[in-house]
Amino acid sequence: MCRIVYADVFNKFKDNKGKFQEYVKGDVRGLVSLYEATHLRVHGEDILDEALNFTTTHLNSAVPNLKNAIAAQVVHALNQPIHKGLTRLEARHYILFYEQEDSHNKTLLDFAKLDFNRMQKLHQKELSEITRWENSALDQLPEYMKLCYQALLDVYNMIDEEMAKEGRSYRVNYAKSAMNKLVRAYFEEAKWCHEGYVPSIEEYMRVALVTGAYKMLATTSLVGMGDLVTEEGFKWVSSDPLILEAASVICRLMDDMVGHKHEQERGHVASAVECYMKQHGVAEEEVYVEFEQRVTNAWKDINAECLRPTAVPMPLLARVLNLARVINLIYTGEDGYTNSGKRLKECVTSMLIDSVPIN
């Protein structure tokens, strides 16, 4: 992401009293564009914070009076800003919106559909090649762990064989180290659950930012990226850079806000919500306000880390950015992971099964 303009450029939409001008309210497409731009803001860009509140308020007010096509686009944008959405999934949504515009370019539209369907075929091929591992038991482990542990060893051994051919076995060591940290953190949470212990929010987050698994996933995702990644890239991701810390915060807090009640009903370690409520003696609603602000700040950190010049090549940063986008998709407004039969299922179906019709 390259910052081409400064946030102050948006002052042109304000009057001499510092308020957004009336004509802006009536330009729905302009409001949508401004709304989408606000999600690229970083810390200190107060005008974009104002613009987000302004555009959100007026877009919500405008929806009942809009025609179906533009209304659907506005509602989708309010629920899922482009910057926080998965690229290919948002592309499919935009293709459908664009097709309903009378002024659309049919050639461009057909190319977009062909591109989407071609990539979908590639994903389908990759999925068909996923192997089911046959696992043998390890005598020194409890029965319930044998299959899981052997399967894990098989995966890493397979990866190691491939990396050794390329002289890149060091990558697997970083991946194993990240997995070890994850398992140790899981064990810490298991002890808390068994003992009924509710840690402070600071102690909880120290462990929970690891058990969210994003640090392990980010590290492992770099293993097969070929020449794009050097050992410096693995050193970087293993140093808990700000963008990875921010994505982990988004993962943990969005998950805990929508899922903690269900988790407590079935018996689970205390979530960030319970930890914060107990430590600070506040109501659940106040916790949500605090956590939503932390999530907002984390997105600003991610945006800042993606500004050029970047600490590492952009494809590495994109891996972490996409992890944050996944969690935003799954946990906005509901626990889409636990209740995956509707929205998440529809997303998977549209991405991997149903092609885009070409007239």
Side-chain angles (χ1 to χ4, degrees), residues 1-2 86-88 115 118-141 145-187 209-248 251 302 305-327 351-352:
M1 181 175 67
C2 182
L86 295 173
T87 305
R88 299 300 294 183
D115 173 75
R118 180 174 177 273
M119 183 62 72
Q120 186 183 70
K121 289 294 183 183
L122 176 61
H123 291 326
Q124 290 171 348
K125 180 181 178 182
E126 291 170 341
L127 286 172
S128 70
E129 293 174 354
I130 292 177
T131 303
R132 291 185 175 274
W133 298 95
E134 293 295 331
N135 307 292
S136 58
L138 298 182
D139 294 337
Q140 66 268 36
L141 291 175
M145 287 186 65
K146 291 177 180 178
L147 291 178
C148 296
Y149 188 64
Q150 184 61 58
L152 195 59
L153 288 178
D154 287 345
V155 169
Y156 282 104
N157 288 336
M158 180 270 292
I159 296 173
D160 199 10
E161 288 177 8
E162 292 298 316
M163 290 298 104
K165 297 174 185 176
E166 304 171 10
R168 293 168 173 164
S169 289
Y170 72 88
R171 298 184 176 196
V172 184
N173 294 331
Y174 281 99
K176 286 181 178 179
S177 176
M179 177 60 78
N180 281 334
K181 291 177 182 177
L182 176 62
V183 173
R184 291 178 186 279
Y186 280 152
F187 185 67
L209 290 183
V210 180
T211 58
Y214 271 17
K215 297 183 179 185
M216 181 276 292
L217 290 172
T219 304
T220 305
S221 73
L222 304 186
V223 173
M225 287 186 70
D227 295 335
L228 280 172
V229 185
T230 65
E231 187 161 8
E232 290 303 311
F234 282 92
K235 290 179 180 178
W236 167 80
V237 76
S238 300
S239 69
D240 290 338
L242 179 59
I243 188 172
L244 184 50
E245 190 78 4
S248 299
C251 171
I302 289 176
E305 288 290 279
C306 290
L307 293 178
R308 292 189 173 92
T310 57
V312 294
M314 193 61 203
L316 278 67
L317 297 174
R319 293 298 174 104
V320 182
L321 170 59
N322 284 334
L323 287 174
R325 287 168 166 166
V326 167
I327 219 69
M351 280 291 296
L352 301 175

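Contact of the Lys215 side chain with the Asp240 side chain is registered, since non-hydrogen atoms from C-beta on lie closer than 4.5 Å. Side-chain contact between Arg171 and Glu231 is absent, with no heavy-atom pair separated by less than 4.5 Å. With contacts defined as side-chain heavy-atom distances shorter than 4.5 Å, the pair Pro313/Leu228 does not qualify. Between Met119 and Arg88 the shortest side-chain heavy-atom distance falls below 4.5 Å. Taking 4.5 Å as the limit, every side-chain heavy atom of Val312 sits out of range of all side-chain heavy atoms of Glu232. Taking 4.5 Å as the limit, some side-chain heavy atom of Ile327 sits within range of a side-chain heavy atom of Tyr214. Val229 places none of its side-chain heavy atoms less than 4.5 Å from the side chain of Trp236. The side-chain heavy atoms of Val223 and Phe234, taken from C-beta on, include a pair separated by under 4.5 Å.
Among all heavy-atom pairs drawn from Ile302 and Ala246, the shortest one is CG1-CB, 3.7 Å. Nearest heavy atom pair, residue Ser238 against residue Lys181, reads O-NZ, 4.4 Å. Residues Thr211 and Leu182 approach most closely at CA-CD1, 3.7 Å, considering heavy atoms. In this structure, Arg319 and Leu222 approach most closely via the heavy-atom pair CG-CD2, 4.3 Å. Heavy atoms only, all atoms of each residue included: Leu209 and Glu245 are closest at CD1-OE2, 3.1 Å. Shortest non-hydrogen contact noted between Leu352 and His123 is CD2-CB, 3.6 Å.
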Checklist entry - Under the side chain to side chain contact (heavy atoms under 4.5 Å, CB included) criterion, do Arg325 and Leu321 qualify, and how do the steps go? => result CA-CA 6 Å; Arg325 287 168 166 166; Leu321 170 59; 3.5 Å; yes

Item to check | Test side chain to side chain contact (heavy atoms under 4.5 Å, CB included) applied to Lys235 and Tyr174, step by step | outcome: CA-CA 8 Å; Lys235 290 179 180 178; Tyr174 281 99; 3.4 Å; yes

Next on the checklist: Apply side chain to side chain contact (heavy atoms under 4.5 Å, CB included) to residues Glu162 and Arg168 and explain how you reach the verdict.
Outcome noted: CA-CA 9 Å; Glu162 292 298 316; Arg168 293 168 173 164; over 6 Å; no

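No side-chain donor-acceptor contact under 3.5 Å links Glu305 to the backbone of Thr310.
Atom OG in Ser169 sits 11.5 Å away from atom CD1 in Ile159 (nearest 0.5 Å). Here the CG atom belonging to Asn322 is positioned 5.5 Å from the OG1 atom belonging to Thr87, to the nearest 0.5 angstrom. In this structure, the separation between CG on Leu244 and OG1 on Thr219 is 7.0 Å, given to the nearest 0.5 Å. Here the straight-line distance linking atom NZ of Lys121 with atom CD of Glu126 works out to 14.0 Å at 0.5 Å rounding.
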